[in-house]
Amino acid sequence: MAASFYIKFDNALSISVNISRHFHPEFSFPDANVIVRSFEGTLYRIHSYTLHTTSGLFNTMFSLPQPTKYQVNAQGQGYTGPVNEDAELEEIPIYESDFVLERLLCQLCSIQIPSWESYDDLDRVLTAAEKWDIPGPIASIRAALTCPKFLTSDRLRLYVLAKHFNWREEAKIAATQTLKLNLLDSVHASTLCDMFKELLISPERFAAGN
């Protein structure tokens, strides 16, 4: 599918440029009314109702007054008015990778996803889900974190994630597991830095007297 963009210079020269548009095969619903674009350029066409009812971020965004759009009428004259429902949908740029968007949107649309392979994958999707204020995927990932693969692979990182989201049961399990670790080992330096950073920016940590 290609979109045509018309560029006008000094009311004299118009150039039509065709730009290829690549839609994710699982998210190209023809009756959907929202298109989001990953920073890799892939487009995801989905229903606004799905985003509106599952994401606090999009719920707020869609509740705001919608902008007008510059259009061209049948006589070739430009005017500013409400967006024509039949016009090409504008893309909403999302600064997330295809991996993150695919995992998030699949969960929102009840599409099966592959099993999680690493903490890095979990962390990337959790960060985006938190920004979008989407409790569903966060709860799903929480359930996956206590499987043996993650309990034994990086106990300290599990503890940091659990403390960040205030998951008390998971934090207790992870804290018990970290007793076996040598925290002076340099392999844990990055995770410990993340943990102390969380403590420093916590609104509850230095609330008194500030």
Side-chain angles (χ1 to χ4, degrees), residues 22-29 32 34 36-47 50-51 53-59 92-183 185-199 201-202:
H22 170 64
F23 283 87
H24 190 287
E26 294 284 354
F27 299 97
S28 56
F29 308 115
V34 171
V36 296
R37 184 182 72 242
S38 72
F39 68 62
E40 295 171 75
T42 304
L43 302 178
Y44 300 76
R45 185 166 184 159
I46 55 180
H47 298 88
T50 300
L51 297 174
T53 54
T54 58
S55 165
L57 174 67
F58 281 97
N59 181 289
I92 302 175
I94 304 291
Y95 194 72
E96 300 291 353
S97 68
D98 283 329
F99 175 84
V100 171
L101 272 183
E102 180 182 324
R103 287 291 175 115
L104 276 179
L105 296 178
C106 278
Q107 291 183 81
L108 296 185
C109 297
S110 300
I111 298 174
Q112 185 175 1
I113 62 172
S115 59
W116 299 99
E117 295 298 330
S118 70
Y119 269 110
D120 287 336
D121 291 347
L122 284 168
D123 203 11
R124 289 159 60 197
V125 177
L126 268 176
T127 299
E130 187 177 25
K131 286 190 295 186
W132 288 23
D133 188 13
I134 309 179
I138 293 176
S140 174
I141 293 173
R142 178 182 183 180
L145 277 173
T146 52
C147 72
K149 176 168 60 177
F150 293 115
L151 272 179
T152 57
S153 62
D154 196 338
R155 308 174 184 98
L156 189 58
R157 195 166 181 183
L158 171 58
Y159 177 77
V160 172
L161 281 175
K163 291 297 290 183
H164 175 80
F165 287 98
N166 198 28
W167 297 334
R168 296 182 179 179
E169 191 61 34
E170 289 80 359
K172 186 184 299 183
I173 294 172
T176 302
Q177 295 290 324
T178 58
L179 295 175
K180 306 173 185 177
L181 301 178
N182 175 13
L183 298 181
D185 192 325
S186 61
V187 73
H188 303 303
S190 176
T191 305
L192 287 171
C193 284
D194 290 341
M195 183 172 68
F196 288 126
K197 189 186 300 181
E198 284 286 332
L199 292 174
I201 66 176
S202 170

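Legend: residues meeting side chain to side chain contact (heavy atoms under 4.5 Å, CB included) with Phe99, ordered by chain and number and at least two apart, are Ser97, Arg103, Trp116, Asp121, Arg124, Val125. In terms of the salt bridge (Lys or Arg N to Asp or Glu O under 4.0 Å) criterion, residue partners of Asp120 (sequence neighbours excluded) are, by chain and number, Arg157. Under the side chain to side chain donor-acceptor pair (under 3.5 Å) criterion, Ser55 pairs with no residue at all, not counting sequence neighbours. Looking at residues two or more places apart in sequence or on another chain, you find a ring-ring contact (aromatic ring centres under 6.0 Å, His included) between Phe58 and Phe62, Trp132. Here Glu170 pairs with Arg142 under the salt bridge (Lys or Arg N to Asp or Glu O under 4.0 Å) rule; sequence neighbours left out. For Thr53, there are no side chain to side chain donor-acceptor pair (under 3.5 Å) partners two or more places apart in sequence or in a different chain. A search for side chain to side chain contact (heavy atoms under 4.5 Å, CB included) contacts involving Ala32 returns Phe29, Arg45, His47, not counting sequence neighbours. Residues satisfying the side chain to side chain donor-acceptor pair (under 3.5 Å) test with Ser38, not counting sequence neighbours, are Asp98.
A donor-acceptor contact shorter than 3.5 Å is absent between the side chain of Ser110 and the backbone of Cys106.
Here the CD1 atom belonging to Ile138 is positioned 10.0 Å from the CD atom belonging to Gln107, to the nearest 0.5 angstrom. The CD1 atom of Ile113 sits 12.5 Å away from the CD atom of Glu26 when rounded to the nearest 0.5 Å. To the nearest 0.5 Å, atom CG of residue Leu43 and atom CZ of residue Phe23 are 4.5 Å apart. Interatomic distance, CG of Leu108 versus CD1 of Ile134, reported as 4.5 Å (0.5 Å rounding). Distance check, rounded to the nearest 0.5 Å: OG1 of Thr176 to OH of Tyr159 gives 10.5 Å.
Of all heavy-atom pairs spanning Pro137 and Ala129, the tightest one is CB-CB, 4.5 Å. The two atoms that bring Trp167 and Leu161 nearest to each other are CE3-O, 4.4 Å, heavy atoms only. Between Leu101 and Arg37, the shortest heavy-atom contact is CD1-C, 4.3 Å. The minimum heavy-atom distance linking Thr54 with Pro135 is given by the pair O-CD, 3.8 Å.
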Handout entry: Worked check of side chain to side chain contact (heavy atoms under 4.5 Å, CB included) between Leu105 and Thr50
Key = CA-CA 9 Å; Leu105 296 178; Thr50 300; over 6 Å; no
Handout entry: Derivation and outcome, side chain to side chain contact (heavy atoms under 4.5 Å, CB included), residues Tyr119 and Leu145
Key = CA-CA 9 Å; Tyr119 269 110; Leu145 277 173; 3.6 Å; yes
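Residue pairs that meet the salt bridge (charged side-chain N to carboxylate O under 4.0 Å, His left out) test with at least one member in residues 128-138, sequence neighbours left out, are Glu96-Lys131.
Two residues are said to be in side-chain contact when any heavy atoms from C-beta on lie closer than 4.5 Å; Phe27 and Val36 fail this criterion.
Counted within 6.0 Å of NZ on Lys172, heavy atoms from surrounding residues, nucleotides or ligands total 12 or fewer; the atom is thus considered open.
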